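Have a look at the structure below before the remarks.
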Amino acid sequence: MMVSGNSKEAEAFKSMKEWLKETGGYGIIDGGLATELERHGADLNDPLWSAKCLLTSPHLIHTVHLDYLEAGADIISSASYQATIQGFEAKGFSVEKSESLLRKSVEIACEARNTYYDKCKANSSVDDNKILKKRPILVAASVGSYGAYLADGSEYSGIYGDLITLKTLKDFHRRRVQVLADSGADIIAFETIPNKLEAQAFAELLDEGEVKIPGWFSFNSKDGVNVVSGDSIKECVAIAETCEKVVAVGINCTPPRFIEGLVSEIAKVTSKPILVYPNSGERYDPERKEWVENTGVANEDFVSYVEKWMDAGVSLLGGCCRTTPTTIRAIHKRLVTRRSLFSSSSSPHH
């Protein structure tokens, strides 16, 4: 059943290709959530990571979503990447409370979108630091991998062991995906998928027919050739390609220097829009649970890749870990010319 709080966007969103026509041929995904929450004062040293804020400081999540919209993001992702019913239960919450926290993650993002639209109405002046422009904004319900729930860094290796089967993964994700899909989101972002088995599990869940909204699949790589488990990127993308409910496919949480090569491989096996939202290039140490300083690229360097990615065929782009609203604002600036060219070439000639 669809939630009554659904926006017109959610009712109308069926095709990523159609939506992209309305956004000038390109869409901007938001940036990192955890880093920004910490910057606003949240303590995320917890297996629930940014999902912890659903319990302790939902207002901060709202603030960060709004920051990204005001930086020019067209898609904001809910704070549910590491939010799982099993993870909340391990903290002592009932199934009902766990499900209500999942719903809350999407509701906060939808509220932030409404707040943003209200600000657009109220503010007609141009503020250089804030982009206040009414446009079709999508709320993506973020679904992290099984490895993200384990909180042991295995979403960065994709090695789950022989005990984890296709059925295990489908059973693990099914209810969570269902709850998120019914919470008012426009799309489900299946993110940081580390292996082919989990992609297959997500595709089969979408094909079961209970999930009424589309999804995107986004894989991660640490060598620029395969997904992190060593599975072939082409084989992983082929799974997305054959699933009708997957409306975009691409790469996230991967160093910027690998993106162009991966996109050229993805483009060979998909006709769906390609998305990329890399991390800053910094290395995460799963044992110390912290980012290794000075291993990434500066904002300007990150954004300098944007043209190459679009030339390679990317139409949805943003940032993942350690990227900020500043990154997104810079991407927005880079897209202005491309979008106006797209709009003028696609408008009817008289």
Side-chain angles (χ1 to χ4, degrees), residues 13-33 68 72-78 81 136-145 185-194 199 202-203 206 213-221 224 227-228 233-234 236-241 243-256 258-280 302-303 305-321 323 327-328 331-332 334-335 338-339 342:
F13 181 73
K14 292 283 185 293
S15 157
M16 183 62 84
K17 287 180 178 175
E18 288 304 311
W19 180 80
L20 283 165
K21 284 179 191 170
E22 293 179 50
T23 60
Y26 297 92
I28 301 175
I29 301 167
D30 60 6
L33 192 56
Y68 277 119
D74 306 302
I75 302 175
I76 49 173
S77 298
S78 63
Y81 173 78
I137 289 162
L138 300 180
V139 168
S142 168
V143 170
S145 68
D186 302 297
I187 189 168
I188 302 171
F190 296 98
E191 305 186 284
T192 325
I193 307 173
F202 288 143
L206 287 175
I213 61 174
W216 82 49
F217 279 16
S218 187
F219 300 91
N220 60 332
S221 171
V227 299
V228 291
I233 184 70
K234 279 183 175 168
C236 289
V237 171
I239 291 169
E241 183 64 10
C243 181
E244 206 178 305
K245 295 205 73 169
V246 176
V247 294
V249 63
I251 297 285
N252 76 300
C253 209
T254 295
F258 292 148
I259 298 297
E260 197 180 350
L262 289 164
V263 168
S264 68
E265 288 301 293
I266 291 170
K268 291 173 187 169
V269 284
T270 188
S271 56
K272 299 176 194 275
I274 297 174
L275 52 86
V276 300
Y277 47 115
N279 56 31
S280 65
F302 183 100
V303 175
Y305 283 106
V306 166
E307 299 289 336
K308 285 182 186 161
W309 298 339
M310 291 189 291
D311 287 343
V314 169
S315 51
L316 292 146
L317 63 167
C320 200
C321 304
T323 60
T327 321
I328 299 310
I331 291 173
H332 181 274
R334 280 282 171 126
L335 281 181
R338 290 237 183 186
R339 281 175 152 171
F342 175 89

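A quick note: this is a predicted structure, and the numbers were derived from the prediction, not measured.
- Expressed to the nearest 0.5 Å, how far CG of Leu317 lies from CG of Leu275 amounts to 9.5 Å.
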Under 3.5 Å donor-acceptor pairs involving side-chain atoms of residues 309-316, not counting sequence neighbours:
residue	atom	partner	partner atom	Å
Asp311	OD1	Arg338	NH1	3.4
Asp311	OD1	Arg338	NH2	2.6

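- With values rounded to the nearest 0.5 angstrom, Ile137 atom CD1 is found 9.0 Å from Trp19 atom CH2.
- Contact detail for Val227 and Ile233: the closest heavy-atom pair is CG1-CD1, 3.7 Å.
- In terms of heavy atoms, Glu241 sits closest to Ser271 at OE2-OG, 2.9 Å.
- The CG atom of Leu262 lies 6.5 Å from the OG1 atom of Thr254; values are rounded to the nearest 0.5 Å.
- Here the shortest heavy-atom pairing between Ile328 and Gly319 reads CD1-N, 3.8 Å.
- Residues meeting the ring pair (Phe, Tyr, Trp, His ring centres under 6.0 Å) test with Phe202, sequence neighbours left out: His173, Phe190.
- Without hydrogens or angle criteria, Ser78 side chain to Ser142 main chain gives a donor-acceptor distance under 3.5 Å.
- For Ala140, the side chain to side chain contact (heavy atoms under 4.5 Å, CB included) test picks out Ile75, Ser77, Ile187, Ala189, Trp216, with sequence neighbours left out.
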Do Asp74 and Tyr26 pass the side chain to side chain contact (heavy atoms under 4.5 Å, CB included) test, and can you show the C-alpha distance, the side-chain angles, and the key distance before you say yes or no?
CA-CA 9 Å; Asp74 306 302; Tyr26 297 92; over 6 Å; no
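- Cys320 and Tyr277 make their closest contact through CB-O, 3.2 Å (heavy atoms, listed as atom of the first residue, atom of the second, distance).
- Among all heavy-atom pairs drawn from Asn252 and Asn220, the shortest one is O-CB, 3.2 Å.
- Between Ile251 and the choices Ile266, Val237, Ile193, Thr192, the side chain to side chain contact (heavy atoms under 4.5 Å, CB included) rule is met once, by Ile266.
- Of all non-hydrogen atoms in Val276 and Ile259, the two that sit nearest each other are CG1-CG2, 3.6 Å.
- Here the CE atom belonging to Met16 is positioned 11.0 Å from the NZ atom belonging to Lys272, to the nearest 0.5 angstrom.
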Any chance you could lay out the side chain to side chain donor-acceptor pair (under 3.5 Å) test for Glu191 and Ser218, step after step, and finish with the verdict?
CA-CA 5 Å; Glu191 305 186 284; Ser218 187; over 6 Å; no
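- With a 4.5 Å cut-off on side-chain heavy atoms, Pro278 and Phe302 count as touching.
- Separating the CG atom in Leu206 from the CD1 atom in Ile213 is a distance of 9.0 Å, to the nearest 0.5 Å.
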